[in-house]
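Working notes, structure below.
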Amino acid sequence: MASLKAFVASVLLLLAAHGVGAQDYLQVNLNSGDSIRSAAKTVARNLMEYYKGDEPGQTIGILPGPPPQGPYYWWQAGAMFGTLIDYWHYTGDDTYNGETATAMVFQAEAPANSYMPRNWTASLGNDDQGFWGMAAMLAAEVGFPNPPKDQPQWLALAQAVFNTQAARWEHEDCAGGLHWQIPPTNGGYNYKNTVANVVFLNLAARLARYTKNETYAEWAEKAYDWTSGVGYIDKDYNVFDGGHVEANCTDINLVQFSANAAVLLHATASMYNHTNDQRWRARVQGLLNRTTEHFFPNGIMVERACELEDRVQCNVDQHSFKGYMHRALATVSVLAPFTRDDILPLLKTSAKGAMSSCLSDGTCGFRWNVGGYDGDAANGPAGQEMSALAALSTLLVDERFAAPLTNGTGGTSVGDPNAGGNTKELDELTPVTTGDRGGAGVLTAFLLASTVGCLVWISGPWGEA
Ligand SMILES: *[C@@H]1O[C@H](CO)[C@@H](O)[C@H](O)[C@H]1NC(C)=O
Ligand SMILES: *[C@@H]1O[C@H](CO)[C@@H](O)[C@H](O)[C@H]1NC(C)=O
Ligand SMILES: *[C@@H]1O[C@H](CO)[C@@H](O)[C@H](O)[C@H]1NC(C)=O
Ligand SMILES: *[C@@H]1O[C@H](CO)[C@@H](O)[C@H](O)[C@H]1NC(C)=O
Ligand SMILES: *[C@@H]1O[C@H](CO)[C@@H](O)[C@H](O)[C@H]1NC(C)=O
Ligand SMILES: *[C@@H]1O[C@H](CO)[C@@H](O)[C@H](O)[C@H]1NC(C)=O
C-alpha cells in the first residue's frame, strides 16, 4: 500500500505542477440524467478530436495509425464506433451518427463487406474483425438508423463477420477453436486465444437471440465449450488469455484482461436471455462474481494485469478496455435482470471514480482510483476517452432501459444469412500497404508484474493487433 500512497502523492504533485485546481475538473452530478448527458457530450467531443477520418486526405473510419504512423490499430476505431453507437443509444445525442454510419460502412470494405479490409491484412486478427462486427450487431440491436438500401445493412454486416469466422473454425489443433490471426502468415497465427473465440461466441449468441436461428445458438454452445474445455475459463470463472497450437493449447497464458471477461460475460447473458437455461444463468452469475472481485477492487475498475500500484504498463489497446467492461455490464443488467441489483451500484461507484479523473475540457485519465487526473496521455489517449464516455453514458441504463431489439421486437435491420460468402481469404490477397507492424518477434513482451504474489506473465496479444 505504501507504493500506492507514494503514487497518489506524485499525482498530486503533478497536478500542482500543472496548476490543475478543483475548478478545472469536469463537474457532473451522477444523480441527474441531464448532468450526465451534458458531461458525456463534453467527453464525446474530446474523444472525437482524435478522429481525423472526416478530414480531407484522411482515411474514413480509422484512428491515426498503425504504429509508427499513429498510435492506433484498426480494431480500436471499430470499438470506438461501437462506443459512439451506445453513446447515442443512452443519451439520444445524434451528433456523431453520420460519421459513425459512414465509417462503419466504409471499413466493411465492398464488395465483400465483411470487415477484412486489405489495408490491414498484416495485423488482422479474428478479434480485430470481430470488434467491428460487434459494433454492427449493436447498431441492429439498438435501432441505430439503417444505411440507405444500396449499402450493406447492420445485421448483414454482423452475419458476414460470423460466417467468415465460422468458416475458419479449425478442428485439428487443440481440437477446435479459432486462431488469433486470420492470415496464416501473420505472426501470432499459432496462438489460439480467448479473445478471438469469445468475440465469435458473442456474435453467435447475439445473432441467435436477434434472429432466432438456432444454428447460431449451436455455434455459441460450441465456442463456449471449446474455450472452457481447453481451460481458458477455469472453474472459478477466471478468464485467461490463450495458448499455442504447438502445445495443444495447454501452455495457457494466465494473464487476465478485462476485455476477454467483458465480451464473454455479455455473450453468456445473451444466451441466457435467449434460452432461459440455468446453465447459462450459472455462467453469468459466476463470471459476474469473479469480474466484480477481480476488476473492481473497492468498486472502481482497475485493469489489473497492467495497471499496477506503482506504475502503469498498459499499451494503447489496453488503455481502452475499461469502457468495454462498463458497456457489457450495463447490457448484462438488462439481458439478465437478476444481475441488476449487483451491477447498477457497481457501475455507479466506478463511474464516479472515472469522473474524478476528468478535466473540464473532457480530458480523462486512465487511473480512476487516485482522486484526480493522472496525466497518462502517452498510450492513447482515445482509449481513456472511450472508457470515460462509456462509464458515464451507461449510467443512463436505468432511465433509458431498453432491451436489445430482436427481429421480432422492433429490430428493422435487414439480414443476409449468406453475407460474407464472397470474401476472399486473405492469403489470396496482397496487402496494399507496407506500413504495418513487422514479425512476431517484437510482439511478445515479457513483463514482471509486481502485484501481490509476484506473478510473472507474458503479455497478451493486445499490443499486437
Ligand atoms: C486503404 O488505404 C488507402 C491508402 O491510404 C486509402 O485510400 C483507402 O481509403 C483505404 N481503405 C480503407 C478501407 O481504409
Ligand atoms: C489436445 O487438446 C484437446 C482439447 O483440449 C484434447 O481433446 C486432446 O485430447 C489433446 N490432444 C493431445 C494429443 O493431448
Ligand atoms: C440460419 O443460419 C445459418 C448459418 O448462418 C444459415 O446457413 C441458414 O441459412 C439460416 N437459416 C435461415 C432460415 O435463415
Ligand atoms: C458469488 O460470490 C459469493 C461470495 O463472494 C458466493 O457466496 C457465491 O456462491 C458466488 N456465486 C457463484 C454462482 O459463484
Ligand atoms: C430477457 O431480457 C428481457 C428484457 O430485460 C427480460 O424482460 C427477460 O426477462 C429476460 N429473459 C430472461 C430469461 O431473464
Ligand atoms: C424478420 O421480420 C420480418 C418482418 O417482421 C420478416 O419478414 C423476416 O422474415 C424476419 N426475418 C427472420 C430472419 O426471421
Side-chain angles (χ1 to χ4, degrees), residues 89 114 133 137 141-142 155-178 190 192 194 197 200 203-234 240 242-252 266-285 288 329-344 397-398 400-411 413-421 423:
H89 169 63
S114 56
M137 188 71 225
E141 289 170 335
V142 299
L155 180 60
L157 287 168
Q159 287 169 313
V161 173
F162 170 86
N163 287 339
T164 54
Q165 298 199 342
R168 284 194 288 267
W169 185 269
E170 196 270 326
H171 299 270
E172 297 298 316
D173 295 323
C174 319
L178 287 170
N190 63 339
K192 278 199 167 171
T194 302
N197 287 282
F200 174 65
L203 281 171
R206 292 161 72 183
L207 286 168
R209 183 179 172 278
Y210 191 99
T211 64
K212 308 276 179 280
N213 177 340
E214 285 308 305
T215 307
Y216 299 120
E218 286 159 22
W219 273 106
E221 293 278 356
K222 182 168 168 163
Y224 187 93
D225 289 349
W226 182 81
T227 310
S228 134
V230 291
Y232 297 172
I233 309 165
D234 76 2
F240 305 126
H244 293 87
V245 298
E246 293 82 357
N248 197 32
C249 296
T250 59
D251 61 335
I252 300 175
H266 181 185
T268 57
S270 300
M271 281 304 283
Y272 166 66
N273 194 270
H274 175 60
T275 60
N276 197 13
D277 179 332
Q278 293 308 300
R279 283 178 315 132
W280 286 106
R281 189 186 200 278
R283 290 165 183 170
V284 173
Q285 180 71 68
L288 177 59
L329 287 173
T331 306
V332 169
S333 78
V334 174
L335 289 170
F338 71 90
T339 62
R340 193 176 161 81
D341 292 346
D342 291 325
I343 288 178
L344 296 191
V397 66
D398 230 1
R400 182 72 184 77
F401 180 88
L405 302 173
T406 69
N407 192 54
T409 62
S413 188
V414 177
D416 171 5
N418 302 313
T423 304

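First listed ligand is number 1; within each ligand, the first listed atom is number 1. Note that the structure is predicted; figures quoted are calculated from it, not measured.
- Shown in contact with Asn213 at under 4.0 Å from a heavy atom are these atoms of ligand 3, numbered in order with element: 1 (C), 2 (O), 3 (C), 8 (C), 10 (C), 11 (N), 12 (C), 14 (O).
- Asp416 places no side-chain N or O within 3.5 Å of a backbone atom of Ala156 that could act as its donor or acceptor partner.
- The atoms of ligand 5 that sit less than 4.0 Å from any heavy atom of Val334 are 2 (O), 4 (C), 5 (O).
- One finds the CD atom of Gln159 at 7.0 Å from the CG atom of Asn163 (value rounded to the nearest 0.5 Å).
- The contact set between ligand 3 and Asn163, taken as ligand atoms under 4.0 Å from a residue heavy atom, comprises 5 (O).
- In summary, the atoms of ligand 3 found under 4.0 Å from a heavy atom of Thr215, numbered by their order in the structure, are 1 (C), 2 (O), 3 (C), 4 (C).
- For the pair Asn273 and ligand 5, the shortest N or O to N or O distance falls below 3.5 Å.
- Without hydrogens or angle criteria, Trp226 side chain to Cys174 main chain gives a donor-acceptor distance under 3.5 Å.
- In terms of polar-atom proximity, Asn418 is not counted as a contact of ligand 3, lacking any N or O under 3.5 Å from an N or O of the ligand.
- With hydrogens and angles disregarded, no donor-acceptor distance shorter than 3.5 Å links the side chain of Asn197 to the backbone of Ala223.
- Proximity of a side-chain donor or acceptor of Tyr232 to a complementary backbone N or O of Lys192 within less than 3.5 Å is detected.
- Below 3.5 Å of separation, one finds no N or O of Ala403 facing any N or O of ligand 5.
- Interface of Leu335 with ligand 5, defined as ligand atoms under 4.0 Å from a residue heavy atom, comprises 1 (C), 2 (O), 10 (C), 14 (O).
- Residue contacts with ligand 5: Phe338 is excluded, as none of its non-hydrogen atoms falls under 4.0 Å.
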Can you produce the list of protein nitrogen or oxygen atoms under 3.5 Å from a nitrogen or oxygen of ligand 2, alongside each distance?
{"from": "ligand 2", "atom 1": "2 (O)", "to": "Asn248", "atom 2": "OD1", "distance (Å)": "3.2"}
{"from": "ligand 2", "atom 1": "2 (O)", "to": "Asn248", "atom 2": "ND2", "distance (Å)": "2.4"}
{"from": "ligand 2", "atom 1": "11 (N)", "to": "Asn248", "atom 2": "ND2", "distance (Å)": "2.9"}
{"from": "ligand 2", "atom 1": "14 (O)", "to": "Asn248", "atom 2": "ND2", "distance (Å)": "3.3"}

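- For the pair Ser413 (side chain) and Leu155 (backbone), a donor-acceptor distance under 3.5 Å is present.
- With Thr406 contributing its side chain and Arg209 its backbone, the two residues share no donor-acceptor pair below 3.5 Å.
- At distances below 3.5 Å, not a single donor-acceptor pair connects side-chain atoms of Thr409 with backbone N or O atoms of Leu405.
- With sequence neighbours excluded, the residues satisfying side-chain contact (heavy atoms from CB on, under 4.5 Å) with Ala220 are Leu201, Ala204, Ala205, Met271.
- Using a 4.0 Å heavy-atom cutoff, Pro337 is listed among the residues neighbouring ligand 5.
- Classification of the Phe200-Phe162 ring pair by plane angle, with boundaries at 30° and 60°, yields parallel.
- Judged purely by distance below 3.5 Å, without hydrogens or angles, the side chains of Asn213 and Thr215 pair a donor atom with an acceptor atom.
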